[in-house]
Structure formats: C-alpha cells, structure tokens
*Asks:* 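Dropping a structure here in structure tokens format, bear with me for questions.
All heavy atoms count here, side chains included; hydrogens, waters and symmetry mates do not. It should be emphasised that the depicted structure is a prediction, and the values quoted were computed from it without experimental measurement. Whatever order the structure lists ligands and atoms in, that order sets their numbers, starting from 1.
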Amino acid sequence: MLRVEHLTKIYPNGTVALRDVSFEVPDGEFLVVIGLSGSGKSTLLRCINRLIEPTSGKIYWNDIDITSASPSEIRRIRRQIGMIFQQFNLVKRSSVLTNVLSGRLGYANPWLSLLGVWPVEDRQKALRALERVGIADKAYQRADTLSGGQQQRVGIARALMQDPRLLLADEPVASLDPVLAHSILQYLEQLNKEGVTVICSLHFLDLVHRYATRVIGLKDGVKVFEGLPDEIDRTR
Ligand code: ADP
Ligand code: ADP
C-alpha cells in the first residue's frame with residue numbers, strides 16, 4: 001500500500017509543481033494519473049521513487065515514511081519499486097542485455113556491474129525478462145538500433161530485474177504510436193494481473209478506460225479528480 005499525504009513540491013526556481021496532493025494506492029491497483037503536460041505527473045512519480053525530494057508532505061510505502069527514511073532504507077525501498085520513462089532512458093551505446101542488467105541494484109560489490117561482469121544467474125534473469133517482453137533475440141544489439149516500442153520493452157525488462165512490487169510508469173507510451181502504445185500497456189496490465197501494483201501517467205483519455213482500475217487527475221499540480229475510469233465522463 002502506498003499513501004501520499006499533503007504532498008507539495010516547489011522547485012528551486014519557485015515553480016509549484018504539486019500542491020497538497022493526497023491519495024492512497026492499495027496493493028494490486030492499476031492507477032492512472034492523467035493531466036496535461038506540466039500538470040505535475042512526472043514530479044509526483046519522481047517523488048515516490050525519491051529521484052527528487054518533496055518540499056513538504058509524506059509518502060508512506062507499507063507504513064515506512066519514504067520522505068524521512070534513512071539512506072539504507074531508501075535503497076531497500078527502491079528495490080521494490082521499478083520505474084519506466086517516456087524517453088526510455090537507456091544507455092544508447094550499450095547492448096540491450098547490459099541495459100537490462102543495469103536494473104539489478106544492490107550488488108555488495110559495485111565493481112561487478114561497473115566492469116560489466118554479472119553473475120550468471122543475473123544474466124539468465126535478464127534474458128528471461130527480455131523473453132517476457134518478446135525481444136530476447138535483440139539481447140546483443142546496441143540499444144539505439146531498436147525501434148521506440150522495442151526500447152520501451154527493454155525499459156520494462158530492466159524494471160523487472162528487481163521483481164518490483166510497485167511499477168511507476170511515467171508517460172510510457174507518449175512517444176509511441178497507438179498500436180505500440182497498446183502493446184506496452186498490455187505488458188503492464190499483465191504484470192498488474194500477476195500482482196504488481198502499477199502507477200502510470202498518461203495524457204490520452206481513451207487509453208485510461210481500457211487499463212485503469214482507478215484514476216486521479218492533476219491540473220496545475222492540484223488533484224482535481226479521483227475515481228473510477230467511468231466516472232471521468234460524468235464529470236467532464
Ligand atoms: P515531461 O512533460 O515529460 O515531464 P518536461 O519537458 O516537462 O517533460 O521535462 C523534461 C525535463 O526537464 C525534466 O527532467 C524536468 O525536470 C525538466 N524541466 C521541466 N521544466 C523545467 C523548468 N521549468 N526548469 C527546469 N527544468 C525543467
Ligand atoms: P508533467 O509530467 O505533468 O508534464 P512535470 O511534473 O514535468 O509535469 O512538471 C510540473 C511543473 O513543474 C511544470 O510547470 C514544469 O515546468 C515544472 N518543472 C518540472 N521539473 C522542473 C525542474 N527541474 N525545475 C523547475 N521546474 C520544473
């Protein structure tokens with residue numbers, strides 16, 4: 001269970017990206033965060049993953065306060081939370097397999113991954129993750145030789161290296177055409193059915209109905225809607 005309480009984020013330049021946002025995400029949900037560009041969706045997901053620090057408010061992950069957790073607790077929590085990005089954030093010149101392996105955090109000996117020497121069981125796990133998303137045959141290609149849809153599948157495989165309990169997806173299909181968008185969201189839906197809680201930001205309403213179990217809407221950093229996908233049409 002994730003609980004966000006009175007979250008506010010003001011960037012150093014004074015932009016108020018989130019203003020007093022509160023909501024809960026019970027385990028097993030597929031929560032979609034909708035809002036126009038600039039409404040605060042990325043900021044929200046990045047606060048949850050502690051890529052950035054909120055200005056005020058609390059985020060609880062299974063009753064541990066992420067906002068005041070110690071560095072070692074944050075490392076432990078991060079291992080339970082996977083993230084995928086709109087621009088995929090792959091290392092372009094590295095192989096697909098290396099990109100997936102980089103999702104494996106928390107080696108006792110960090111030199112292993114820096115030198116590109118991964119334990120056999122991790123290489124096998126990375127290949128299995130690539131199989132799941134249908135691109136095991138691309139494992140030894142450079143990441144930037146893949147199409148956008150394939151690169152996003154690499155992003156999903158990378159997130160799977162940690163066996164996440166929560167998957168954050170920041171506009172994962174914004175740079176893909178509609179057919180590819182559905183194929184990526186279907187992978188997220190499949191993971192959700194296997195028990196992974198998903199929080200996904202989107203800016204297309206038509207995709208929301210198909211995938212979300214619940215929706216929150218952001219406008220200028222304020223939560224303006226929370227409910228079931230069907231309720232959006234009634235409030236529009
Ligand atoms: P998105 O809509 O996908 O969030 P943006 O174009 O808003 O993409 O942001 C891209 C990157 O630029 C992000 O890392 C964000 O933190 C940063 N960024 C966005 N707006 C500003 C800004 N006004 N000042 C500085 N950095 C910004
Ligand atoms: P969205 O993901 O919905 O596009 P963001 O969370 O990226 O929204 O941005 C929310 C607001 O915060 C926007 O006004 C954006 O320009 C601003 N912003 C994002 N990142 C930064 C940053 N690093 N510095 C300053 N302003 C930022």
*Asks:* Please could you name the atoms of ligand 2 that Asn13 approaches to less than 4.0 Å, counting only its heavy atoms?
*Replies:* 25 (C), 26 (N)
*Asks:* At a 4.0 Å threshold, what atoms of ligand 2 neighbour a non-hydrogen atom of Ser39?
*Replies:* 1 (P), 3 (O), 8 (O)
*Asks:* Are more than 12 heavy atoms from other residues, nucleotides or ligands located less than 6.0 Å from atom CG of Asp220?
*Replies:* no
*Asks:* Would you compute the distance between atom CD of Gln186 and atom CZ of Arg210 and round it to the nearest 0.5 angstrom?
*Replies:* 5.5 Å
*Asks:* Which atoms of ligand 2 are found less than 4.0 Å from any heavy atom of Thr15?
*Replies:* 12 (O), 14 (O), 17 (C), 26 (N)
*Asks:* Have a look at Ile52, Thr43, Ile10 and point out the one with the heavy atom closest to atom 6 (O) of ligand 2.
*Replies:* Thr43
*Asks:* Side chain or backbone of Leu36 under 4.0 Å from ligand 2, or both, or neither, by non-hydrogen atoms?
*Replies:* backbone
*Asks:* In residues 129-137, what donor-acceptor pairs under 3.5 Å come from side-chain atoms, sequence neighbours left out?
*Replies:*
residue	atom	partner	partner atom	Å
Arg132	NH1	Glu194	OE1	3.3
Arg132	NH2	Glu194	OE1	3.2
Arg132	NH2	Glu194	OE2	3.0

*Asks:* Is it true that, when you exclude Ile64 itself, more than 12 heavy atoms of the residues, nucleotides or ligands shown sit nearer than 6.0 Å to its CD1?
*Replies:* yes
*Asks:* Any chance the side chains of Thr8 and Asp20 put a donor and an acceptor closer than 3.5 Å?
*Replies:* no
*Asks:* Of all the atoms in ligand 2, which lie at a distance below 4.0 Å from a heavy atom belonging to Ala17?
*Replies:* 10 (C), 11 (C), 12 (O)
*Asks:* So for Leu218, does at least one of its heavy atoms come nearer than 4.0 angstrom to any atom of ligand 2?
*Replies:* no
*Asks:* Which atoms of ligand 2 sit under 4.0 Å from any heavy atom of Ser37?
*Replies:* 4 (O)
*Asks:* Going by the salt bridge (Lys or Arg N to Asp or Glu O under 4.0 Å) test, which pairs reach into residues 138-150, not counting sequence neighbours?
*Replies:* Arg142-Asp144
